[in-house]
There are 2 protein chains.
Amino acid sequence: MEIVLSPTVKDVAREARVSVGTVSRVLARNETVNPGIRQRVEEVIARLGYRPSSLGRSLRLNKSDIIGLIIPDITNPFFAELAKHLETLASAAGYSVLLANTHDDPKAECKQVQSLLCRVPAGIVIAPVSGSLVGGILPDGLVSVTIDRPLTGHSLVAVDNFEGGRLAASHLLELGHRRIGYISGPTTTDVSIQRLNGFRGRVEEASSDRAQDLVQLTVLEGNFDYKSGEAIGRKLLQGNVGRRPTAIATANDQQAIGLLRASRDLGIRVPEDLSIVGFDDIPLASLVLPRLTTVRQPIEEIAEIAIRALLGSGPIVGPIALRPALVERDSTAPPPAC
Amino acid sequence: MEIVLSPTVKDVAREARVSVGTVSRVLARNETVNPGIRQRVEEVIARLGYRPSSLGRSLRLNKSDIIGLIIPDITNPFFAELAKHLETLASAAGYSVLLANTHDDPKAECKQVQSLLCRVPAGIVIAPVSGSLVGGILPDGLVSVTIDRPLTGHSLVAVDNFEGGRLAASHLLELGHRRIGYISGPTTTDVSIQRLNGFRGRVEEASSDRAQDLVQLTVLEGNFDYKSGEAIGRKLLQGNVGRRPTAIATANDQQAIGLLRASRDLGIRVPEDLSIVGFDDIPLASLVLPRLTTVRQPIEEIAEIAIRALLGSGPIVGPIALRPALVERDSTAPPPAC
DNA sequence: CTGAAAGCGCTAACAT
DNA sequence: ATGTTAGCGCTTTCAG
């Protein structure tokens with residue numbers, strides 16, 4: 001059995017009886033090529049099934065057409081969604097996406113970034129873990145955009161988390177809730193802090209507006225996952241009816257879904273006995289029972305801006321804060337009459 | 001501002017006063033290098049922060065350390081889970097994963113594969129779309145493994161879907177259900193057909209075992225998504241209580257979750273009025289309300305075998321069919337007494 | 001055990 | 001308008 005190597009510029013050049021330079025020019029859509037010759041070359045390319053090697057090209061240009069995507073966990077629906085849009089956009093522009101999971105581990109993140117840098121990527125999109133070490137190792141020449149979580153000294157594209165927190169609080173307040181719980185993310189992450197601050201700030205405003213109608217807020221810290229939402233939800237809900245919160249907001253949808261679980265197990269009906277509002281609006285949010293009221297992040301827009309920043313006109317200036325939006329579904333209602 | 005290029009073998013060689021060949025040998029852990037020189041070189045490498053360029057290396061070896069992962073949609077939890085495990089394994093072995101979504105479009109798939117081939121990947125893991133065209137364009141030299149869905153002429157690593165279908169049917173039958181619905185995937189895909197055949201086969205066995213106790217099976221075809229599960233679920237459930245199925249099996253968990261939605265909207269209680277069994281056991285299956293009984297695919301094992309096939313001892317022989325397992329949770333129960 | 005040199009596939013500067 | 005050629009960073013013979 002004979003191993004057939006894939007054809008190179010040389011093969012094409014020989015077959016078309018032109019030089020490699022000409023082939024390269026045809027490939028580059030350089031207009032200065034004689035139409036007749038161009039056609040001959042294109043024919044040969046088609047006939048041989050020639051596809052230019054990314055490797056050779058990238059080495060020569062000292063820049064590959066790879067975009068690195070470095071995220072904590074592709075299994076998180078938010079990042080999966082983001083990855084999909086990023087990949088679609090990148091693909092349309094002729095780039096490919098290299099996926100790397102950090103599992104929320106700064107050392108793993110570092111290793112992933114190092115290994116990515118060896119590939120001379122065209123750009124890198126990173127959602128840094130808390131306590132990220134990569135700030136120092138990203139070379140100056142590399143275009144990078146951080147998403148979701150900020151990294152000192154790099155441009156951030158993210159939703160306005162503070163405003164998002166406020167939105168959730170406003171909604172609950174307007175429904176009439178006065179005993180409210182909040183499940184935050186790890187307070188080591190900036191996202192968590194922003195969302196919590198927004199939420200708390202709005203609640204405190206309400207409290208001071210009408211002193212006779214105090215709002216009682218209980219905040220508990222957890223991780224950004226289902227389990228955490230379930231476990232912390234249990235804690236918040238264990239008091240008896242008159243004392244436990246009538247509404248709980250969470251720092252992301254997974255927590256909210258975990259909380260839904262906990263409520264069900266505890267025999268607490270949503271939204272009759274308990275209102276729940278999440279954050280992110282992952283696709284699943286509209287599929288769970290009941291459908292989740294949540295604060296929507298414009299993921300597609302985040303992806304678009306990130307790609308534009310990487311491939312487009314130039315680096316973005318300062319952090320970009322996108323507007324969140326409250327999506328009202330079935331998990332929130334006025335508090336029970338009692 | 002001066003642009004600092006990353007150092008190359010040359011720089012290291014000059015600084016360490018050795019030849020590039022020696023530097024390369026140090027990198028390759030070649031034992032024939034004088035320990036003193038080796039140490040000197042390693043020092044310089046550390047001092048300059050030198051990292052060998054993947055590009056140069058790959059070009060020279062005509063093989064990159066990239067593994068292509070070509071799947072319909074990373075947003076599908078099953079593929080996200082798979083991607084995570086693959087990436088973790090690949091990363092540990094010094095490889096990176098390039099992600100490409102085909103959106104179930106044969107033409108897009110073709111393009112993605114083409115663009116991947118330009119990168120001379122070390123291997124490719126592909127879950128082909130139905131009507132895939134890539135069978136012809138994969139070069140002989142390339143190690144590839146197809147997962148989930150088969151591709152003629154390529155080695156497949158997947159769960160035994162036929163057996164999985166049987167498992168679901170057995171469970172429902174044993175609980176005593178006799179009016180059963182089945183929501184299949186697109187019958188253009190082999191997976192769907194296998195699962196359905198397994199399911200139907202088992203049901204027919206039961207019917208012939210005891211002729212007096214006929215089982216009534218209604219099969220409807222849909223897509224592998226939430227929406228389809230919801231829509232088709234509605235159709236299956238629209239008859240009145242005495243006629244509609246007391247149990248429905250689906251071809252994947254997303255459909256089952258959509259079906260859960262539909263049941264809730266129709267006021268049909270699960271599992272009291274209706275039993276539901278899914279397929280895949282995505283993480284979400286144990287989070288929904290009620291927790292979903294489902295047929296588990298050993299995703300991690302699939303990833304391991306795929307990676308081993310790509311990077312390990314050699315190509316795998318013939319299709320590998322892994323054992324599925326029934327995971328009993330809260331969405332199935334005996335049929336209502338009536 | 002180490003150095004010198006060729007060459008992987010490609011592009012771009014230079015020459016014609 | 002087209003051909004020639006150097007060289008991107010690396011590995012690997014082949015000499016010494």
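Fair warning: this is a prediction, and the values are worked out from it, not measured in the lab. Below, chains carry the letters A, B, ... as their sequence lines are ordered, and counting in each starts from 1.
Distance, K63(A) NZ to dA12(C) P: 14 Å, rounded to whole Å. Atom C1' of nucleotide dG7(C) and atom CG of L59(A) are separated by 12 Å, given to the nearest angstrom. Between the C1' atom of dG9(C) and the CD1 atom of I45(A) lies a distance of 14 Å, rounded to the nearest Å. Note: CG (L61(B)) to P (dC8(C)) measures 13 Å, nearest angstrom. Rounded to a whole Å, the CZ atom of R14(A) is 13 Å from the P atom of dC10(C). Between R25(B) atom CZ and dC14(D) atom P the separation is 14 Å, expressed in whole Å. Taking atom CZ on R119(B) and atom P on dC10(C), their separation rounds to 14 Å, with Å as the unit. Counting to the nearest Å, the C1' atom of dT2(D) and the CZ atom of R38(A) are 13 Å from each other.
In this structure, T22(B) reaches the dG3(C) phosphate: one of its side-chain N or O atoms is under 4.0 Å from OP1 or OP2.
Backbone-only engagement by T8(B) is indicated by non-hydrogen atom pairs under 4.0 Å involving sugar-phosphate atoms exclusively.
Each of N62(B) and V33(B) was matched to the nucleotide of DNA chain C holding its nearest heavy atom; the match closer to the 5' end belongs to V33(B). Each of S6(A) and G21(A) was matched to the nucleotide of DNA chain C holding its nearest heavy atom; the match closer to the 5' end belongs to S6(A).
For V20(A), whose side chain is taken as the heavy atoms from C-beta onward, the closest listed nucleotide among dG3(C), dG3(D), dT4(D) is dT4(D). Among the nucleotides dG9(D), dC1(C), dG3(C), the one closest to any side-chain atom of N34(B) is dC1(C). Of the candidates dC1(C), dC10(D), dC8(C), the closest approach to any side-chain atom of T32(B) belongs to dC1(C). Nearest to the side-chain atoms of S53(A) among the listed nucleotides dG9(C), dT5(D), dG3(C) stands dG9(C). Listed nucleotides dG9(C), dC8(C), dC10(D) differ in distance to K10(A); the shortest reach to its side chain belongs to dC8(C). Each of dC10(D), dG9(C), dA5(C) was ranked by its minimum atom distance to the side chain of V9(B); first place goes to dC10(D).
The only option from L98(B), V97(B), L99(B) that meets the side-chain contact (heavy atoms from CB on, under 4.5 Å) definition with L98(A) turns out to be L98(B).
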Are I307(A) and I67(A) close enough, and set up right, to give a side-chain contact (heavy atoms from CB on, under 4.5 Å), and what steps lead you there? CA-CA 9 Å; I307(A) 289 287; I67(A) 291 177; 4.1 Å; yes
Begin with the C-alpha distance, continue with both residues' side-chain angles, and end with the deciding distance and a verdict on side-chain contact (heavy atoms from CB on, under 4.5 Å) for E87(A) and L69(A). CA-CA 9 Å; E87(A) 196 275 332; L69(A) 174 62; over 6 Å; no
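Note that CG of N76(B) and NZ of K84(A) are 10.5 Å apart. Values are rounded to the nearest 0.5 Å. Distance CG/L27(B) to CZ/R38(B): 9.5 Å, rounded to 0.5 Å.
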